[in-house]
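Notes for the one structure printed next.
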Amino acid sequence: MLETKKFTFAEVAIDPSLRLTDKTFHYRIPTRLKASIQLGTRVLVPFGRQRLEGYVVGYSSHPEVDRVKNILEVVDETPVLNEEAVRLARWMSDYYLYPIPVALQCLIPPGLRRQEKIVVTLKLSDEVGHKLKETLNILDPVSGRVLAFLTETGRVPLERLIKKFPSQNLQETLNSLRELGLIEIEKLYTDRLKKKFRRVVELNKEVVGLEQDLEELAVRSPKQKKVLQILLEQGPLLLNDLLDLAGTSYSTVKSLIDKGFIVLNKVRVEEDFLRINKASSVKPVELTDDQERALRSIQNALAQRSFSVFLLHGVTGSGKTEVYIRAVEQVLKLGKQAVVLVPEISLTPQMVERFVSRLGSCVAVLHSRLSLRERSNEWQRIHRGEAQVVIGARSAVFTPVSDLGLIIIDEEHESSYRQDVMPRYHARDVAIQRARYHGALVLLGSATPSLESYTKARLGRYALLCLPNRVENRPLPSVEIVDMRQELAAGNHSIFSRCLQGKMRQHLEQDRQILLFLNRRGFAHFMVCRECGFVNRCSRCAVSLTYHRVEGQLRCHYCGYQEPVPVTCPKCGSRYLRSFGIGTQRVEDEVKRLFPDRQVLRMDVDTTTRKGSHEEILTAFRQGKASILVGTQMIAKGLDFPEVSLVGVITADIALNTPDFRAHERTFQLLTQVAGRAGRGSFPGEVVIQTYDPANPSIVAASRQDYLAFYKQEIALRRSTNYPPFSRLARLVISGGEEEQVIEAAQRLALDMELQIIKKREEEKVPVGELLGPAPAPISKMKNRFRWHIMVKGPKLAIIRELLRDVLDGWKVERAGKNSIHISVELDPMEIL
DNA sequence: AGCACGCCGACT
DNA sequence: GTCGGCGTGCTC
């Protein structure tokens, strides 16, 4: 630990949310502030000619530059960032090769960034008053009116002035007035989160004999009577709730207020008032022997209070969640806190409900749909120690718990734990780092562990726990692989094989539910002209446009560009345009055609953009409002529909045919997960996988839910090709608006790297590895920027990182203008696009 | 953000 | 020859 007292200078990261700079700066710590400054303390510093907030991220005993300024003030009494946060940021900066302030963005509490408010004040000295009279007649009319307004009000937020004087040159007017010394323009900082008030309606206590009044009201004003009745029965209510309950509008309430029957109060709402916590009413289920065994190992490790990593490998439906909950209960007993990470996609109300109903109000939930305020409230609850358990997606790994005992990462293999925009990080890496700091336990869970994690478990680096059976001895679903080439040969041109069609009919007759999975949204993959072969492509990205029939649009799935479906070929004018490949819209259409009397729901990015629509669809399906749910990845993972007895995979090949060494792994994981959705209730499940490659080992292994078979075959392949986990990868993406510049930069960079690799090998005897590329990236143009990439493959990530640090020093990485060259660094890249 | 520095077009 | 455009870089 660093002892503040010894150091005279502090290294400060200027508030990273301002995105002003990626560098850190050094300031002298004035003696009077020495006692109150720690790592993480928010301080006010002079920066250029402005005063900005920043965070102390380090100390030094010597000034690092000639002219060091003083820290002006300490901002918070209790630091919003602690030492662990700063250390974690430093580690991320070191590990992922970006500056500390960039890393710090992950750790600054949401909603802390304050909002600038500009206030205009009239200067009211005698001298100015004199000047005013002098100049008033030579000023333009707008200035005159602004001044008159200011004389009335004295001090006005700029916003109000803009509303009052909506002329375009207001800014100019204000500037000239300032130059004349008539007004002052100040910047104030206020919390972005306004204090929240709720309007609460209650009966006026001074009114007596209300019952009689009710009778009178009933004649002319039934709505008003209703409102009063509700208030009589239920006591004070939120205005909105009251309006909902009474089925009326504010005018009714207003007349009752005017008549003096009721009063409207503004109440400052403490957020707990809005929280709904289901009391614990769920009976803990009995554990299977396997669960019991796994839990005991975890409990023993927790009692040790030292860092370790467990991998819980449990088949789908084996009751991993129950083990998680019990482990969390144990952590709470030890007086520590737990963080539970789940993929965003499975962070559904049902999932949360399960934790909340068992663990109660000590659970805080963080997911992407929370507003800034809601998110901030959850952070505060955790920060204050009111919540001991956090459930959330990737970014929840940073929640500021003070005494961390356990981090659970459910569906450990999910690629969504990797953030691939700056600041890049992998929640698993961060979790392990945090657990090390706290002497905590990391519990990775999956039915289909990543090859990396499973290998580490086999090597003894992680402790391996297995749940090989489903709970209540439910059988694994029976899976049938259908060869779609044979379907075609037999004259079946439908997107459904005869087998799948038959089974759908059968399961529908028994009133069961069906999931149909397809990894591509839209109606068709692309459109092609049958005369000249022209395919509509996105002009900003080097990909074909996907046909969305319902909207009548062609859309780019990378940048969101869309255009109407052309009637004739834009190239040759032919009217014979044909769509190729299938998407979820097409599946939905076909199902409706085949089973017109059945309800079908579709769930993909296109149907879930609206807030809450995701939950709406799932709830509707769970309640049995539809028999068939068609969807993409979204329906593949973590969902628990007890009534689903049949799962159909329309095409298993899409994930298989991506140009990526992880394609097989992803296919296996996806198919196993999808298949796992079937038969989670009391009746056995059936799965049909349609493919053009029925002998593919990954598909076969998935059909048997046989992870070990998959692992053995895939690990052999990785060994022979020297891909991870046998090596480590890093990837540089060079992009820019001018293709030649991009190519030139990529080649120069690659040459630098090549020379450095040789130098390290010859002079330092360090085996860095090999260079792959430079080459155009698989998506060679995205959002109007050309993309090339270079890969480094070597035995040790630390050495690769060292190489990149050496070479990239002198290149401007990440931060660059609109058209200039831009280099991004990805370590252990997942998807190589 | 704000400000300085610097390199090319239209002007007293 | 100078004034000023805004592209680029820096602020401890």
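Numbers restart at 1 for each chain; the letters A, B, ... are given by sequence-line order, proteins then strands.
Contact check on A/Lys760 versus A/Asp806 returns a salt bridge, with a Lys/Arg side-chain nitrogen under 4.0 Å from an Asp/Glu carboxylate oxygen. A salt bridge links A/Glu84 to A/Arg434: at least one charged side-chain nitrogen sits closer than 4.0 Å to a carboxylate oxygen.
Atoms NE2 (A/His26) and C1' (C/dC10) sit 16 Å apart, rounded to a whole Å. Taking atom CG on A/Leu72 and atom C1' on C/dC12, their separation rounds to 12 Å, with Å as the unit. Note: CZ (A/Phe47) to P (C/dT11) measures 8 Å, nearest angstrom. Across the protein-nucleic acid pair, A/Lys69 atom NZ and C/dC12 atom P stand 4 Å apart, rounded to whole Å. Atoms NE2 (A/His62) and C1' (C/dC12) sit 17 Å apart, rounded to a whole Å.
The closest donor-acceptor contact from the side chain of A/Arg785 to the backbone of A/Ser735 lies under 3.5 Å. Panel note: side chain A/Tyr437, backbone A/Ile432; no donor-acceptor pair is recorded below 3.5 Å.
Closest approach to the A/Gln50 side chain among B/dC3, C/dC12, B/dA1 is made by B/dA1 (side chain taken as heavy atoms from C-beta onward). When distances run from any side-chain atom of A/Tyr27 to the nucleotides C/dT11, B/dA1, C/dC12, the shortest one goes to C/dC12.
Using a 4.0 Å heavy-atom distance criterion, A/Pro46 is classed as a sugar-phosphate-only contact. If you check every strand for non-hydrogen atoms under 4.0 Å, A/Val68 touches sugar and phosphate atoms only.
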